[in-house]
Participant: 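Here it is, the structure, as C-alpha cells.
Only a predicted model underlies this, so the values are computations on that prediction, with no experimental measurement involved.
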Amino acid sequence: MQKEYIKDFTIGKKTEYVQDLGINYTPSFLPRYFNLSSSISARFTDMMRKYYENQEGYQVEVFQRDGNTNRALRANLSLMNSNLLSSWASSMGGRRPSGKQDEKGGYYDEKEEKYRDFEFNEDLSEEVLKKMEQEREELRKREEERRKQEDAYRDEEEKRKQELLDKEEDEEKLRQEEEKKTSEEEEEEEPEAQEDTEEQPEDEQKEDKKQKEPKAERPPFNPLLFVVQNLARVKNITGQYQNSYTMNYTRKSDLPPFAFQLGLPHTVDRDFLDSIGDENTITLSSGLFLGRNLDSTISFAHGFNKRISSASQQNIGTTFPDITLTLMNFEPWIGLSKYLQSGRINTGFQYTTRASGDIDWDKPKQESNTISLSPLVGFSGTFFQKVSTNIGFSLSKTESITAMDDYNIIKTSDSQNLNGNFSYSFNQGRAFTIPFTGKKIHLKNQLSSSLGISYENGEDITRGRQDSSQVERSSSRFAITPGATYQFDQNIRGGLTSSFELTEDRKRDDGTRTFSLGIWVEVNL
C-alpha cells in the first residue's frame with residue numbers, strides 16, 4: 001500500500017509530481033548595437049507505478065518511481081550592423097552642400113541633367129528610413145527658407161536696379177532735350193548712345209542672375225561613403241543557440257536530488273539513469289539588400305545530438321548554404337498591375353550534410369549529402385483582387401553512404417514535389433420578400449472556394465557489393481482537392497468537399513485511383 005504515517009495516522013503518499021521552473025532574461029543596454037534575449041526552463045516529472053516482482057515463489061506488487069527531467073536553454077543575439085552603418089552613411093551623406101541636393105536628399109546628375117535620389121536609401125530599414133525622412137524634411141524646410149530669402153533679396157535688387165534705370169532714363173531725356181537745342185548732329189548720334197546705355201543695364205542684370213543661380217554640380221566621389229553604403233547592405237546578423245538536456249530513470253525508490261530536478265548534469269550516478277539526451281543547435285542568418293523589389297537571405301545551421309543509453313548514438317548535421325531570393329511587386333514592369341497584385345517569385349537552394357554513428361567515432365557509420373531547390377520556383381499573388389494563388393515546385397536529391405565491413409551501401413533518392421492552392425471568395429448579401437406578409441428573408445450569400453493541387457514523384461536506388469543496383473522505390477502521386485463553403489445566413493451554412501487521387505507504383509506495376517465526394521450542412525439552433 002502507498003501510505004506514509006506520522007505516528008499512527010496515515011497522511012497518504014505522492015503518486016505524481018510535476019515541477020516547472022523558468023527564467024527569461026532580456027537586457028536593454030546598448031540596443032543600438034545588439035539585441036539579446038535568453039531563457040532557461042526545467043521540467044521535472046515523477047510518477048509512481050505498480051510493478052510485480054517474484055519473492056519466494058510469489059508475485060508481489062511493488063510501487064516504484066519513473067521520471068525524467070528536461071532542461072531547455074535558448075539564447076538569441078542580433079547584431080545591429082545594418083542599422084549602424086546605414087545611420088553612419090546617412091549622416092555622412094547629409095554633410096554634402098545643401099545647395100546641390102534636392103528635397104529628397106539626392107544629387108545632380110550631369111549626364112542626365114536632373115536630380116537623382118541615392119539608390120542606397122531605397123534599401124534601408126524602416127527605422128533608418130524614418131530618421132532619414134525627418135532629416136530630409138528639415139533639409140527641405142531649410143531649403144525653402146533659403147529660397148525665400150534669395151527671392152526676397154532678388155526682388156529688392158531688381159527693384160533697386162529698376163529705380164536706377166528709371167532715374168537714368170529721366171536724366172537722359174533731359175540731356176537729349178539740351179543736346180537738341182545745341183546741335184542737330186548731336187541729336188542724330190544721341191539715340192545710338194542712348195541705345196547703348198539702355199542695353200548695358202539689361203546685360204548686366206542677366207549676368208547677375210546667372211551668377212546668383214547656384215550651379216548644380218555632382219558631389220565628389222567619397223570612397224569611405226561608398227564602402228560604408230555597400231557594407232550596410234548586409235542585413236543584421238542574427239544568431240541563435242538552443243540546448244536540450246534530458247535524463248530518464250525507471251523503477252527507483254526515492255526522489256532524485258533537487259539539482260537533478262533542475263536538469264543539472266552529473267548530479268547522480270550514471271547507473272541511476274537509463275538514458276541521457278543532449279541536443280545542441282546553432283543557427284546564423286543574414287542577407288543582402290539588393291533593392292526595393294529584390295530581397296535575399298542566407299543562413300547557416302549546425303546541430304549536434306548525442307544519446308547515451310543501451311544503444312548509444314550521436315548525430316551531426318550541417319546546412320550551408322541556405323539561400324533564398326525573392327522578387328516582389330514586379331507586375332508594373334510587365335504591365336499586369338490591373339490583373340495581378342502583390343506578386344512574389346522566390347527560389348531557394350540548400351545543401352545539407354548529415355552523419356551518424358557510435359559516440360566519439362573515428363568514422364561515422366552513415367553519411368548523407370542532400371542538395372535541394374526548395375522551391376525551385378515559387379509564386380504567390382492575387383489575380384483580379386479576388387483569386388489568391390500560391391504555387392511552388394521543389395527538387396531534392398540525397399545520397400546516403402552506409403559503411404559495412406568490406407564495402408559500402410550507397411542509396412540515391414530523387415524527389416520532385418509540386419504544391420499549389422487557389423482560393424476565391426465572394427460576398428454579396430440579398431433579401432427576399434415573402435408574399436402577402438411583407439417580411440423579408442436576408443441571405444448572407446457568402447461563398448468561399450478553394451482548389452488544391454499536389455504532385456509527388458520519387459525514386460530510390462540502392463547500390464551494394466560489386467556495383468549491383470536495385471530499385472527500392474519508384475512511385476508517383478497526383479491529387480486534386482476542390483472544396484466550397486456557402487454561408488446562407490448567420491446560422492446556416494453548407495459545403496462541398498471532394499478529392500481525386502491517382503497513385504502509381506512503378507516498381508510493382510500497380511496503381512490506384514480514388515475519388516471522394518462529400519456534402520455537409522451546419523445549422524445552429
Side-chain angles (χ1 to χ4, degrees), residues 2 13-31 34-51 63-79 237-285 299-320 322 352-361 364-366:
Q2 293 299 297
K13 192 173 185 178
K14 290 184 295 185
T15 59
E16 185 175 357
Y17 180 67
V18 178
Q19 174 183 280
D20 287 305
L21 297 174
I23 298 175
N24 296 325
Y25 178 64
T26 305
S28 59
F29 53 87
L30 301 177
F34 64 88
N35 292 328
L36 174 64
S37 63
S38 59
S39 64
I40 183 170
S41 62
R43 182 181 179 87
F44 172 70
T45 303
D46 181 85
M47 182 176 294
M48 191 74 70
R49 297 182 184 276
K50 182 171 65 174
Y51 292 95
F63 290 89
Q64 294 178 317
R65 298 179 178 277
D66 296 347
N68 63 81
T69 181
N70 187 349
R71 185 208 62 204
L73 172 66
R74 175 178 294 182
N76 296 309
L77 177 64
S78 296
L79 182 64
I237 300 174
T238 302
Q240 184 182 83
Y241 171 73
Q242 295 184 28
N243 171 259
S244 177
Y245 195 85
T246 60
M247 294 180 286
N248 299 275
Y249 63 88
T250 58
R251 305 193 67 173
K252 304 303 177 184
S253 301
D254 300 321
L255 279 173
F258 184 71
F260 174 88
Q261 299 175 19
L262 295 179
L264 299 179
H266 311 298
T267 54
V268 295
D269 294 336
R270 175 65 186 88
D271 297 337
F272 183 85
L273 301 175
D274 293 338
S275 64
I276 299 175
D278 188 5
E279 300 181 1
N280 299 272
T281 304
I282 300 174
T283 60
L284 296 173
S285 62
S299 302
F300 165 83
H302 178 74
F304 178 83
N305 305 326
K306 182 185 295 185
R307 179 174 177 81
I308 302 174
S309 62
S310 58
S312 300
Q313 189 178 23
Q314 72 177 16
N315 302 299
I316 297 177
T318 304
T319 300
F320 183 78
D322 185 354
T352 304
T353 60
R354 293 186 177 88
S356 61
D358 298 332
I359 295 178
D360 301 329
W361 67 57
K365 181 69 175 180
Q366 187 176 21

Participant: Working to the nearest 0.5 Å, report the span between CZ of R74 and CD1 of I40.
Facilitator: 12.5 Å
Participant: If you round to the nearest 0.5 Å, how far is CD of Q313 from CG of D358?
Facilitator: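 Answer for the CG-CD pair, D358 versus Q313, is 8.0 Å.
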Participant: Would you please test I308 and I359 for side chain to side chain contact (heavy atoms under 4.5 Å, CB included) and show each step?
Facilitator: CA-CA 8 Å; I308 302 174; I359 295 178; 3.7 Å; yes
Participant: Under a plain distance cut-off of 3.5 Å, with no hydrogens placed, do N315 and R307 share a side-chain donor-acceptor pair?
Facilitator: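 The criterion, which ignores hydrogens and geometry beyond distance, is not satisfied for N315 and R307.
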Participant: Can I get a per-line list of side-chain donor-acceptor pairs under 3.5 Å for residues 255-272, giving both atom names and the distance, sequence neighbours left out?
Facilitator:
residue	atom	partner	partner atom	Å
Q261	NE2	P256	O	3.3
T267	OG1	L264	O	3.1
R270	NH1	L273	O	3.0

Participant: Show which side-chain atoms of residues 23-30 pair as donor or acceptor with protein atoms under 3.5 Å away, not counting sequence neighbours.
Facilitator:
none

Participant: Check for a donor-acceptor pair, side chain of D66 on one end and backbone N or O of R251 on the other, with a separation under 3.5 Å.
Facilitator: yes
Participant: Quick check for you: to the nearest 0.5 Å, what is the distance between F44 atom CZ and R71 atom CZ?
Facilitator: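 Those atoms lie 15.5 Å apart.
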Participant: Which atoms form the tightest heavy-atom contact between G239 and L284, and what is the distance?
Facilitator: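 Minimum heavy-atom separation between G239 and L284: CA-CD2, 3.7 Å.
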Participant: Please enumerate all residues that pass ring pair (Phe, Tyr, Trp, His ring centres under 6.0 Å) together with Y51, with sequence neighbours excluded.
Facilitator: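 Applying ring pair (Phe, Tyr, Trp, His ring centres under 6.0 Å) to Y51 gives none.
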Participant: Please determine, by modelled atom types, if Q240 and N76 share a side-chain donor-acceptor pair under 3.5 angstrom.
Facilitator: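 Yes, side-chain donor-acceptor contact under 3.5 Å.
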Participant: How long is the gap from CG on L36 to CG on L79, to the nearest 0.5 Å?
Facilitator: 12.0 Å
Participant: I need the single residue from T281, I282, I316, N243 that forms a side-chain contact (heavy atoms from CB on, under 4.5 Å) with F304. Which is it?
Facilitator: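 The side-chain contact (heavy atoms from CB on, under 4.5 Å) with F304 is passed solely by I316 among T281, I282, I316, N243.
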Participant: If we ignore angles and hydrogens, is there a donor and acceptor under 3.5 Å between the side chains of D278 and N280?
Facilitator: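 The answer is yes; a qualifying pair exists.
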Participant: What distance do N70 atom CG and S41 atom OG have between them, rounded to the nearest 0.5 Å?
Facilitator: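 N70 CG to S41 OG: 7.5 Å, rounded to 0.5 Å.
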Participant: So do T283 and S299 actually touch side chain to side chain, heavy atoms under 4.5 Å?
Facilitator: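 Contact flag for S299/T283 side chains = no.
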Participant: Give, for atom CD of Q64 and atom CE of M48, the distance between the pair rounded to the nearest 0.5 Å.
Facilitator: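 Here the rounded value is 9.0 Å.
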Participant: Could you tell me whether the side chain of Y245 reaches within less than 4.5 Å of the side chain of I276, counting heavy atoms only?
Facilitator: yes
